[in-house]
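These notes are about the structure you will find just below.
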Amino acid sequence: MTAFHKMDEPDHRNRLDAMVQGVLGTGMDRPDGPEKVTGSATYAHDGQVAGMLHGVMVRATIAKGRLEHIDAQAVEALPGVRAVLHGDRFLRNPAQGTANEAPVQGSRDIAYLGQPVALVVADRFEQARHGAQSVTLRYSEESASVAPDAETAEVPDKKQSSAGDLAAAMDRAAFCVDAVYTTPGHNSAAMEPHAAIAAWEGDLLTVRASCQMLKYNVNELADALGVDPEHVRILSPFVGGGFGSKLGISPETVAAALAARALGQPVAVALSRQQVFEATMRRSETRQHIRLAADAEGRLTGIGHEALVSNLEGEDFSEPVTQATPFLYRGENRLIGHRISRVNRTCAGSVRAPGEAVGVTALEIAMDELATAAGIDPVDLRRRNIPERDPGEDRPFSSHMLRAALDDGAAAFGWENRPQGGARQGDWLAGCGMSSASRVNMIGKSSARVTLHPDGTALVETDMTDIGTGTYAILNQIAAEMLGLPPARVKVRLGDSDLPKSAGSGGSWGASSAGSSVFLACERIRQDIAERCGCDEGTLTLKDGMAIADNRARPLAQVLAGAPLQAEGEIDKGKTSEAVRQATFGAFFAEVAVNAVTGETRLRRMHGSFAAGRILNAKTARSQCLGGMTFGIGMALTEELIHDPRDGHIVNHDLAEYHLPVNADVPQLSVNLLEERDPWANPMQAKGIGELGICGAGACIVNAIHDATGIRVRHLPATLDKLLEGLDRLDDLG
Amino acid sequence: MRSFHYERAADTPDAVAACAAGATIIAGGTNLLDLMKREVVQPERLIDITRLDLRTIESAEGGLSIGALVSNSDLAAHRDVRRDWPVLAQALLSGASGQLRNKATTGGNLLQRTRCYYFQDSAMPCNKREPGSGCHALGGATRLHAILGGSDACIATHPSDMAVAMTMLDASLDIIGKDGASRRLRLRDFYRLPGDTPHIETVLQPGDLIAKVVLPPPAGGRQTYRKVRDRASYAFALVSVAARIELAEGRIADASLAFGGIAPRPWHDPAVDRLLVGEVPSAALFARVADVLLDGAAPQEGNAFKVPLLRRTLTATLNELCREIPQ
Ligand SMILES: Cc1cc2nc3c(=O)[nH]c(=O)nc-3n(C[C@H](O)[C@H](O)[C@H](O)COP(=O)(O)OP(=O)(O)OC[C@H]3O[C@@H](n4cnc5c(N)ncnc54)[C@H](O)[C@@H]3O)c2cc1C
């Protein structure tokens, strides 16, 4: 019994607001929290099985060429070493998100330094690691392109558009900005390194892995191995952070499965932190040429946003830098451009809000430059440029909450009464800045099964994953709300590819997609109950395990009479994805202190106001925003993949030298979630919130640095060396 | 990680005997183990010295004697250190993280290895790790690297904060040699510049064990440690300054400065100290001091910013220490 719903029409019924259990939207604690903090939650590498062998990957140490020879014999002679494996099925790099097939395979052709080329398997982990470090590789080296190059870059058909005449608009503009911004590469830096344990029983493969999207991952893994996807099962009940880096199947998982098959024993492969940096996805560095033209009132007449990004040869993905530019602001003359440079660097893929994270950030620095040039308050400048309709494609917005977010954020932060920019306290210069947030909203095909047991408990099952976001909590709340059950009576099972297939976690679509499928299944169960109660589903009230109809309350157990009710729900994307522009919006505000001597920037406080449709759980939604804002701090101030200029390899491949913000970098952050329902998004009127908090977040900090010092940093991160020259000039003035 | 033998020393003679036989000392292990896992170093034999009686901090010779096994946390929290050598407490607390400082020892901190990206990656050429293989930092990523004291063979920096403060304080080390005899050495004479032998980092002889660090009697004036880094905590110094200034009647009566993050060893330049003594503090004086300090600086493209940064940080630190304090 499947309740199928395609989002072809807006759903104005707003069913969830008619429910009375009162748990949805509350800041309910994660049911999985105690397991996680006590260490009993089993992450990929925790599910160790008896008789398991350990594998450690061997990396290429050249940027480009052919692997001619692997001296396996010497390594196989080392104590404990069982085998040195390599071959045509090994992955060059992880699959891109939703690829649904294997990425480029083969150990022979080397495309970047750090590429996994072999696996050493041993009885113990330490033996395998020593083996991997002892392997001698012989190459024929070729000359590599290790840095992006605008001249030779590809110009794809996609991500290009133009309307009107931008050059003419720039000529006529009362105020304009024409500048180049750069952002460096980033690593997801999820806490849990990528790991897999593979075991075969006959031709059935079970893999415990750290994956975000099981439906796709099963097909990718099966394709890589050359087996029937029906024979592959992936278990990812807990994922220690993904941020895009676990969207597609990655090299260690395929290697573990190949080794387990070759050796007839379960094999575990975990990447070291250095390998995570080198062999999983990086976010491409970007070069962004932005042009803004405005009239005397600061109303935009033109926007140009042209991006140069990079990736390996043969990869379809390219950082969608300009994703929000077509619709965020008004302006009749528009130009969007995109180029991809082919480089021998670690594969580029989805990392923490691909596109908007870096694209909105650069655009919002440019908007600040425009505000300065026009002498208009930056919040006001944005208010003046909110478009009526999606200007890129001339269609309505499903909702446009930017103005509400700007107003709410400015009030919460105290923007009107902010300290004077440049005010000095000791060696510290104070400044404030703001920026808008925006992220496209998506939904993907997703199913779930809900079973209401005669004892009045419910079970929710889907192959959806919880990558630390709170999926266990919100799916519980949706079912509890719809079925009128206390959350303690609802159990959620996730992360098993044998369960109904979901959209998975990625692109902020997980809650909307998987949540809607649970909603639909519950709605079907409600219809069954209503039928048994002889009433219309719309008039049925379910609360605290009681079914109330026609003024009569009966325990669910009585209604079910000993037999469970089960339904599957399936949601799919439909015409509402094209008919309207769906996006989430927000606004960021920050106060910084810049050290006038050293150029060190310290964030003092930061606020974000966000609108993302119905908020399913106030606590986990807020946590998502806090995480996004923290990534914004990293993007603005500290995070940067450093590539060696000669071979392109990532030199700062650990958490000591790749500087994520630490506690001392993250001051008090505050978050307001705005009340909103978006009927075009899905039957729950909820939109994705996971990535919104990072999209543009870095800009408010960089803009605050400008307010404090008058120094405009266009090349992120704003490390102190980029301020020294400007501070010298300030000294001369002062 | 290669297989290795592990022994735990019961007492100092035991440890010295093992060292004399070629064992590598392991104390807190916070640096050594990371390097072993990545096969940057591959000792065949480890001697664990954590059971030795070297955990005391006591007054001695008018100064302070610090056992080599005193943890960075305990040393930073010690009442006498905070009162009489606050620069040392500041330096310690600016390093690593609380968890690491609980484990890290005084001896291990002095002998921690460079964070140079190329030293830490056993696939890259490095004269320090593999003499004669070349220096890959030259021409590579050099944000962490030296602007003073480097050579064509190596431009790695010494990463310790604690050692910078101790160098400024003119601390000494008590070292037990393989014959069991103890000798004393000034920390300022302890580290060697790389020249063409960057793999030899100190004047220690094979088999030597650091038993104690001895601080001279507290000196007058004011002291401070200023560390400039890429994030607010848990990052190595780009530039750091340990300074002590004693003023008398508007003049600098005594001065001692040392610098971190800029050289293969905690950097002390006697000419800098001499230049300050007897002078009236002024912007011109501090500029002259910076000139002398930076004379001969040889930055790379990636760390050229350290020259102005050091100049600015030095000046600000001297300003702070020479500012009249209201009584
Ligand atoms: C992520 C990270 C960040 C860090 N940040 C900083 C920082 O900001 N500033 C800073 O100063 N430090 C920092 N550190 C380094 C830390 O201070 C050192 O790792 C620590 O002090 C080493 O002490 P240990 O006792 O663990 O040494 P071990 O690892 O045990 O030993 C280090 C070396 O010293 C030798 N050794 C130890 N004791 C003796 C002895 N008594 N006699 C002779 N030889 C001896 C060992 O043989 C070994 O070669 C950081 C470390 C990490 C991992």
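All chains are named by letter (A, B, ...) in the order of the sequence lines, taking the proteins before the strands, and each is independently numbered beginning at 1.
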**Item:** Region of B:K306 that comes under 4.5 Å of a non-hydrogen atom in chain A
**Value:** neither

**Asked** Under a 4.5 Å heavy-atom cut-off, does chain B meet the side chain of A:L78, its backbone, both or neither?
**Response** neither

**Asked** Is it the backbone or the side chain of A:L724 that comes under 4.5 Å from a heavy atom of chain B, or both, or neither?
**Response** both

**B:N319 atom CG: more than 12 heavy-atom contacts under 6.0 Å** = yes

**Request:** Tell me, for B:R38 versus chain A, whether the close heavy atoms (under 4.5 Å) come from the side chain, the backbone, both or neither.
**Result:** both

**Message:** Closer than 4.0 angstrom, basic N to acidic O: yes or no for A:D731 and B:R312?
**Reply:** yes

**Message:** If you count every heavy atom of other residues, nucleotides or ligands that lies below 6.0 Å from B:K103 atom NZ, does the total exceed 12?
**Reply:** no

**Message:** At a heavy-atom distance under 4.5 Å, which candidate from A:Q127, A:E126, A:Q274, A:H653 has the highest pair count against chain B?
**Reply:** A:Q274

**Item:** Full working for side-chain hydrogen bond (donor to acceptor under 3.5 Å, both in side chains) between B:N303 and B:Q300
**Value:** CA-CA 5 Å; B:N303 66 9; B:Q300 310 293 314; 5.7 Å; no

**Item:** Heavy-atom check, side chain of A:L137 versus side chain of A:V117, under 4.5 Å
**Value:** yes

**Item:** Set of side chain to side chain donor-acceptor pair (under 3.5 Å) partners for B:N31, sequence neighbours left out
**Value:** none

**Prompt:** Side chain, backbone, both or neither: which part of A:H643 has a non-hydrogen atom closer than 4.5 Å to chain B?
**Reply:** neither

**Item:** A:A596 versus chain B, the contacting section by heavy-atom distance below 4.5 Å
**Value:** backbone

**Prompt:** So, A:T638 side chain and A:H659 main chain: donor-acceptor pair closer than 3.5 Å or not?
**Reply:** yes

**Message:** Quick one: does any side-chain atom of B:T142 pair with a main-chain N or O of B:H145 as donor and acceptor, under 3.5 Å?
**Reply:** no

**Request:** Taking the side chain as every heavy atom from C-beta outward, state whether A:D647 and A:I62 have any pair of such atoms under 4.5 Å apart.
**Result:** no

**Request:** Heavy-atom distances under 4.5 Å only: say whether A:N663 touches chain B with side chain, backbone, both or neither.
**Result:** neither

**Asked** Picking from B:A96, B:S233, B:G139, B:A141, which has the most non-hydrogen pairs under 4.5 angstrom with chain A?
**Response** B:G139

**Residue among A:V597, A:D644, A:T61 with most heavy-atom pairs under 4.5 Å to chain B** = A:V597

**Item:** Donor-acceptor under 3.5 Å (B:S73 side chain, B:R101 main chain)
**Value:** yes

**Request:** State whether A:R138 and A:D71 are salt-bridged, where the test is any N-O pair (Lys NZ or Arg NE/NH1/NH2 against Asp/Glu carboxylate O) under 4.0 Å.
**Result:** no

**Request:** Mind ranking A:R646, A:E600, A:R602, A:R129 by heavy-atom pairs under 4.5 Å with chain B and telling me who comes out on top?
**Result:** A:R646

**Prompt:** Do the non-hydrogen side-chain atoms of A:E285 and A:R345 ever get within less than 4.5 Å of each other?
**Reply:** yes

**Request:** Name the option with the most non-hydrogen atom pairs under 4.5 Å to chain A; the candidates are B:E320, B:R115, B:R143, B:Q120.
**Result:** B:R143

**Message:** Heavy atom to heavy atom, less than 4.5 Å: which residues from residues 234-243 of chain B reach chain A?
**Reply:** B:Y234, B:A235, B:F236, B:L238

